[in-house]
Amino acid sequence: MSPVNADDGAAPWRGITVGTPGVEFEPRPPGQYAFDTPDTECDGWSTPELAVRWASVRGAKHRYYRQPRQDAARAAVHEATGAVVFAVADGVSDAVNSERGAVEACRAAIERTLHLLSQAPGPVDFRDIAGHAAKRLRELAKWRLSGREPGPGEIAGLFATTLVTGVIRPDPQGAVVDLCRIGDSSAWLLDRSQGYYQPMFATKTDGDAPLVSNEVTPLPTVPDPLEQRSVRLSAHHCLLVGTDGFGDPLGDGDGQVGALFTHQLADPPPPTWLAHVLDFSRETFDDDRTLLVAWPRHPPEHR
């Protein structure tokens, strides 16, 4: 094996700027007890039918004020069916430990969904899944309060978080996506051939909405009715699930941020590259950003 020459390597990745960049500074460490929440996380893998990538990066505001990243994402495969289960969460900034709430909500949602898929092949019960995630936050709050039963306000004050969770099932006619959301995180279908973003839930920039509300009703509250959507992925689509740190600068998808991600998501990139792109700099957009993407894979060639 020949020795590695550092001079032969590619140049270090330069930060990506969209429009006017934000202030440049060296990120500060979060508080000493937030050591288990890394600045950046990413993951990626493929099944025979689907390619999955996700990344979560700490926003400039939290990097500057020494606060932990409050977003989280997780994904898993249900082995028996090949379905992909996913969850994305955005801890509410007013909650004391919302970063922990986001992670635990994702874990609980995926654990419950995998269990339900193993029990019955039909549609999953999203109210059951959301209730399971809310219960996890209650148990976490009870532990935090030394065994005392917490009230809803106490749970929210500690661990409130948004949640988008769902299942992508392989199908010969195109993978079927079923998902639900609590709070203001969202999901989109990206038509890679046209660069068109179709929101799967109402957005802050929805031109048909008479009023725009910034009010968020997060877990542990489970809304009634629960927002749910179902859609089929065609070969030229990919599914995007993200927090508002991604959704706000994306807007309607017809600007510079939309163009950037249309180009970068034409094919599944390495997970580390997705994290790098997601960490773009743009003035006034300084929130944590999390994005999970799933692409249909072409059928394997017969050999």
(Q) Could you see if V85 belongs to whatever hydrophobic cluster contains V231? Use Ile, Leu, Val, Met, Phe, Trp, Tyr and a side-chain cutoff under 4.5 Å. (A) no

Q | Hphob cluster co-occupancy, L163 + L292, side-chain heavy atoms under 4.5 angstrom | A | no

Q) Does a salt bridge link E26 with R63, judged by any charged N lying under 4.0 Å from a carboxylate O? A) no

Q. Does D288 come within less than 4.0 Å of R69, counting only side-chain N to carboxylate O?
A. no

**Q.** Criterion side-chain hydrogen bond (donor to acceptor under 3.5 Å, both in side chains) on H78 and T81, from CA distance to verdict
**A.** CA-CA 6 Å; H78 184 249; T81 63; 2.8 Å; yes

Q. Near Y65 OH, under 6.0 Å, is it more than 12 heavy atoms from other residues, nucleotides or ligands?
A. no

(Q) Classify the ring geometry of W13 against H276: parallel below 30°, tilted from 30° to 60°, perpendicular beyond 60°. (A) tilted

(Q) Whether the W54 and E41 side chains hold a donor-acceptor pair (N or O, under 3.5 Å, no angle test) is what I'd like checked. (A) no

Q: To the nearest 0.5 Å, tell me how far L240 CG sits from L265 CG.
A: 5.5 Å

Q. Rounded to the nearest 0.5 Å, how far does CG of D71 lie from OG1 of T37?
A. 11.5 Å

(Q) Main chain of A87, side chain of R74: is a donor-acceptor contact present, judged purely on distance under 3.5 Å? (A) no

**Q.** Validation row, ring centre F261 to ring centre Y197 under 6.0 Å
**A.** no

